[in-house]
Amino acid sequence: MTDFLRLAEEIAREAGEMLLAKRPTMSREVETKSSPTDVVTALDKASEALIRERIAAARPGDRILGEEQGEAPGESDVRWIVDPIDGTVNFLYGLPDWAVSIAVEVAGEIVAGVVNVPARGEVYTAARGEGAFLGGERLHCNTGVPLEQALIGTGFGYAKARRQVQGEVVAKVLPRVRDIRRGGSCAIDICSVAAGRLDGYYERGVNKWDFAAAGLVATESGARIGGLHGAPISPEFALCAAPGLFEDLHDLLASLDPLRDA
Ligand code: IPD
Ligand code: CA
Ligand code: CA
C-alpha cells in the first residue's frame, strides 16, 4: 500500500509541476465536451498522457481509468483512477483550486489516494488504514457540528436541466446551514472536509475519478462518505461529513428530491 501511495504521489507531483509550468502559456487551448461550459484544455490531455505513461512504465499491466481517455479492458485487479485536472474551469481562469487526483484500487477497494493542489503547494494523501495527511500533518474532520452551524461545499454539473434542480436544492439548503461554498473541484471539496475546512459536502453527478482519491482521504480522516438512502457514493449522489452531520444533511437533502432533472 505504501508503495502504491509513494508512486501515486510521485506521479501526481510530476503532473502538477508540468501543469504549473505550462499553464501561463497553454491553458487557453480549449475544446468543449458534454455542454458549452464543459471544457477540456490541451493540458488536461497532456496531464493524463503523462500520468498514464508513468504508471505503465512502473506497473505494466495495471488497468487505468482516466477522465479523458476512459479505460482499456485488462485482466489485472489493480486499477488506477485518474482525474488529470479536477477543477478545469478554475485552472482556465487562474484560480488556485484545481488538483491532480490519483487513486489506486485493488480488487474493487481504494487502497491509496493522492490529491495534489499545485497552485497552493498542498498534497493530500491517504493509505487505507493508515490515516489521511496534508503534508506531514494528520487530518481529522470536524465533529459535533450541528447542521445549522455547518459550512457545506457543493458543486453543479454542466447540463442546464440538472443545474436548474441543483439551484433549487441549494436554495432550500442555504437557510438551514451556516453557509455554502462552491469551490470548483470535487476532489478538493472532499479533502476540505477531511481537513476541517468544510464541515460537509454534497453533489449530484460527480464521477469516480472526482471522488476516488479524496474519498479515501475523507474516510481516513474520520468522515463518512456515501450516497442517498444507504447507497454507496456513486455518480448518482455524493455526500460527505462527519457521522451525525452526515445523517442530518442526508435527511435534509433526501427530502428535497435532488435526483430529478428539470
Ligand atoms: C468538475 C469539478 C466540479 C464539479 C463538477 C466536476 P472537472 O470536474 O469537480 O467541482 O462540480 O461536477 O465535473 O470537469 O473540473 O474535472
Ligand atoms: Ca473532475
Ligand atoms: Ca477533469
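All values reported here derive from a predicted model rather than from experimental measurement. Remember, it's 1-based here, ligands and their atoms both numbered in the order they're listed.
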Checklist line | Trp98 vs Leu92, side chain to side chain contact (heavy atoms under 4.5 Å, CB included): CA-CA, chis, key distance, verdict | finding: CA-CA 10 Å; Trp98 51 273; Leu92 193 58; over 6 Å; no
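- With Glu68 contributing its side chain and Glu48 its backbone, the two residues share no donor-acceptor pair below 3.5 Å.
- In summary, the atoms of ligand 1 found under 4.0 Å from a heavy atom of Gly155, numbered by their order in the structure, are 11 (O).
- Between the side chain of Arg204 and the backbone N or O of Arg260, at least one donor-acceptor pair lies under 3.5 Å.
- The closest non-hydrogen atom to atom 1 (C) of ligand 1, taken over Ile85, Asn207, Asp86, Thr88, comes from Asp86.
- Near Tyr158, meaning under 4.0 Å from one of its heavy atoms, ligand 1 places the atoms 1 (C), 7 (P), 13 (O), 14 (O), 15 (O).
- Ligand 1 has Gly184 within reach: a non-hydrogen atom of the residue lies less than 4.0 Å from it.
- Donor-acceptor pairing under 3.5 Å is recorded for the side chains of Asp199 and Asn142.
- Atoms of ligand 1 found under 4.0 Å from any heavy atom of Val206 (numbered from 1 in listed order, with element): 12 (O).
- Listed here is the closest heavy atom pair of Cys240 and Ala218: SG-CB, 3.7 Å.
- Near Cys186, meaning under 4.0 Å from one of its heavy atoms, ligand 1 places the atoms 2 (C), 9 (O), 10 (O).
- Atoms of ligand 1 found under 4.0 Å from any heavy atom of Phe156 (numbered from 1 in listed order, with element): 11 (O), 12 (O).
- Applying the salt bridge (charged side-chain N to carboxylate O under 4.0 Å, His left out) test to Glu17 and every residue at least two apart in sequence or in another chain returns nothing.
- Heavy-atom contacts from other residues, nucleotides or ligands closer than 6.0 Å to CD of Glu137 number 12 or fewer.
- Neighbouring protein atoms of the Ca ion (ligand 2) (N, O or S, distance under 3.0 Å, waters ignored): Asp83 OD2, Asp86 OD1, Asp210 OD1.
- Within the structure, the side chain to side chain donor-acceptor pair (under 3.5 Å) test picks out the following pairs touching residues 73-86 (sequence neighbours left out): Asp62-Trp80, Glu71-Arg79, Arg79-Glu105, Asp86-Ser185.
- Taking a cut-off of under 4.0 Å to the non-hydrogen atoms of Ser185, the atoms of ligand 1 that pass are 9 (O), 10 (O).
- The contact set between ligand 1 and Gly87, taken as ligand atoms under 4.0 Å from a residue heavy atom, comprises 7 (P), 15 (O), 16 (O).
- Looking at Arg182, Glu67, Glu203, it is Arg182 that brings a heavy atom closest to atom 10 (O) of ligand 1.
- For Arg128 (side chain) and Leu216 (main-chain N/O), no donor-acceptor pair under 3.5 Å exists by modelled atom type.
- Here Arg224 pairs with Glu247 under the side chain to side chain donor-acceptor pair (under 3.5 Å) rule; sequence neighbours left out.
- The closest approach between a heavy atom of Trp209 and any atom of ligand 1 is not below 4.0 Å.
- No side-chain donor from either of Asp44 and Ser47 sits under 3.5 Å from a side-chain acceptor of the other.
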